[in-house]
Amino acid sequence: MKWVAVDPEGDDVSISILECASDSSIACNAEASGQGAKLNFTEAGVYTFTVKATDSNNNSTESSISIEVIPLGNQAPIIQGFEYTSLANQITRFVEPNGNLILREGEAGSISVIATDRNADVLTFNWPELSCTEQSCDITSITAQPQNNLTINSIVSDSELTTNKQLNVTVQEDTPPLGELTLDKYVVGESNETNNEAIKAFLSIQDDFTAIGSIAVEWQLTDSEGMDYISSTNYVEGSQVLLLTIQEQSLPIGTYTLTAIATDLDSNGEPGQKTSASKNFEVSEDLSPTISLSASESNLYATSQGANSDLTLVATISDDNTPVGELKLDWSIYPNLPYSQDSNEITIIAADLAVGTYIVTATVTDEVEQSTSTEYTVEVLENKAPVIHMLDVFPATQPENGNGRNSEEIVAELAYSDDFSKSLTVNWSVSPNVSFNSDSSQLIVAADSVPTGDYIITAEVIDEQGQATTRTSKFVVTEDNGNVGIIVE
């Protein structure tokens with residue numbers, strides 16, 4: 001063992017041996033001599049040898065070195081790890097023994113074992129899973145298809161002793177690119193029999209291994225008969241165009257298919273897997289817009305106070321080229337009525353609807369001034385007051401019962417109808433006032449409850465709009481004087 005010690009100030013330096021011992025506290029025999037020492041070892045192990053240099057001012061520095069003493073006889077080879085080199089980019093990666101190596105499906109490269117022999121013996125190599133007996137082996141045979149948890153054994157031998165270390169390999173699947181194609185419009189109108197506006201297409205692509213900028217993109221544009229129209233776009237063959245523009249007035253009326261083909265790079269940097277995305281669109285002959293009307297109420301009837309309900313008319317409009325929100329909608333009513341408009345509907349309030357017939361006209365116009373009109377007839381019928389068909393009283397005349405009151409109960413029967421109202425209100429009254437029970441079609445005065453005299457029964461029928469009709473009928477309770485009486489009405 002040799003050492004060199006110097007002092008920056010030029011002072012004399014003395015060397016002393018502080019330690020020479022193994023990690024199991026076995027000392028070695030160290031004999032200093034001049035600028036070095038002779039070391040003697042009695043057992044194998046890893047020893048630490050430490051010396052101390054001290055100058056004349058008693059300043060000191062220590063230095064250590066590790067020494068491995070191998071046993072007598074042959075020692076097994078040592079596998080320190082593995083190196084993988086990719087054929088595509090010549091990048092080398094170090095992998096620890098029993099470490100993990102992630103490869104790509106179809107990837108080409110080589111794996112090498114880093115091995116040493118302390119006896120300097122000639123080493124031989126064996127990779128059973130790779131069918132290889134070299135220190136460095138090709139890995140193509142294991143990357144042909146995806147697989148997980150593949151264990152590769154590397155066996156190194158010096159002809160007497162053998163060392164085996166493993167490498168865990170995962171081969172990831174290489175999938176085709178993913179592509180999504182969208183258009184800003186799928187139907188455009190025509191002007192002079194060609195598309196009246198440009199169409200923009202955007203291709204979104206991604207791939208598991210290939211960067212977006214390295215994915216090749218090819219575009220195709222054909223009509224329904226297969227004729228090529230790609231020249232009408234900004235596509236230049238060999239360039240990567242993700243935003244494609246189909247120029248205005250470049251396509252005749254017809255249907256078209258736009259296709260984008262994306263190709264990734266394989267593990268060796270060559271064109272690999274393809275994927276395609278297509279969208280159909282149309283250059284349409286510009287047709288007139290369409291319109292239809294629907295009403296909120298089909299049965300309208302009115303009194304002098306107005307109709308039974310507000311009326312809302314809704315226009316359903318569309319066009320082959322102009323968006324609905326850009327269509328123009330106009331309304332008119334004859335005879336004239338006030339109305340309010342909200343989007344594609346108008347409302348006429350009930351108070352403004354009188355008996356009569358009204359013609360509502362709605363006209364829709366597209367962006368090239370083509371118009372379509374439709375009419376809706378509103379019929380408001382007269383709402384008449386209820387009709388009382390009958391009010392009969394039984395008996396109309398009866399003698400008193402000896403106590404000055406009616407001898408029988410008195411029954412009034414009512415029959416009525418209305419043109420529109422489903423619910424009618426009936427009010428009864430008797431004058432002079434007497435007690436009675438009643439429902440919507442009958443009034444009953446109990447026997448022995450009415451003094452002698454003449455009485456008027458009144459029935460009032462009211463419809464849902466407040467229109468009323470009344471009718472009266474008379475009954476008489478006479479005094480019993482023993483004479484035959486005749487009443488003429």
Q.
Assess whether a salt bridge exists between K200 and D184, defined as any Lys/Arg side-chain N lying under 4.0 Å from an Asp/Glu carboxylate O.
A. no
Q: Provide the closest heavy-atom pair for V217 versus Q240 in the form atom of the first, atom of the second, distance.
A: CG2-CG, 3.9 Å
Q) What are the two closest non-hydrogen atoms of T175 and D207, and how far apart are they? A) O-OD1, 3.3 Å
Q.
Whether the N192 and T194 side chains hold a donor-acceptor pair (N or O, under 3.5 Å, no angle test) is what I'd like checked.
A. no
Q: Return yes when atom CD of Q90 has more than 12 non-hydrogen atoms of other residues, nucleotides or ligands closer than 6.0 Å, and no otherwise.
A: yes
Q: Compare every heavy atom of I317 with every heavy atom of V324, then report the nearest pair and how far apart it is.
A: CG2-O, 3.8 Å
Q. Does Q305 CD have over 12 foreign heavy atoms under 6.0 Å away?
A. no
Q) With sequence neighbours left out, what residues match D418 under side-chain hydrogen bond (donor to acceptor under 3.5 Å, both in side chains)? A) S421
Q) Is atom NZ of K185 surrounded by more than 12 heavy atoms (other residues, nucleotides or ligands) closer than 6.0 Å? A) yes
Determine all donor-acceptor pairs shorter than 3.5 Å in which one atom belongs to a side chain in residues 330-354; sequence neighbours excluded.
| unit_1 | atom_1 | unit_2 | atom_2 | d |
| --- | --- | --- | --- | --- |
| Y339 | OH | W331 | O | 3.3 |
| Q341 | NE2 | S343 | O | 3.4 |
| T347 | OG1 | T312 | OG1 | 3.1 |

Q: Could you walk me through whether Q273 and T263 pass side-chain contact (heavy atoms from CB on, under 4.5 Å), step by step?
A: CA-CA 6 Å; Q273 302 179 90; T263 305; over 6 Å; no
Q. Can you name the closest pair of heavy atoms from A76 and L161 and give their distance?
A. N-CD1, 3.3 Å
**Q.** Closest contact, heavy atoms only, L293 versus V360
**A.** CD1-O, 4.4 Å
(Q) So for atom CG, which belongs to D228, do other residues, nucleotides or ligands contribute more than 12 heavy atoms lying within a distance under 6.0 Å? (A) yes
Q: Measure the acute angle between the ring planes of Y256 and F281, then classify it against the limits of 30° and 60° as parallel, tilted or perpendicular.
A: parallel
**Q.** Residues, nucleotides or ligands: over 12 heavy atoms within 6.0 Å of Q247 CD
**A.** yes
Q.
Counting neighbours of CD on E379 that are heavy atoms of other residues, nucleotides or ligands and sit closer than 6.0 Å, is the number greater than 12?
A. yes
Q: Could you tell me which non-hydrogen atom of D121 sits nearest to which non-hydrogen atom of D117, and how far apart they are?
A: N-OD2, 2.9 Å
Q | Sole residue of N119, L123, V113 in side chain to side chain contact (heavy atoms under 4.5 Å, CB included) with P77 | A | L123
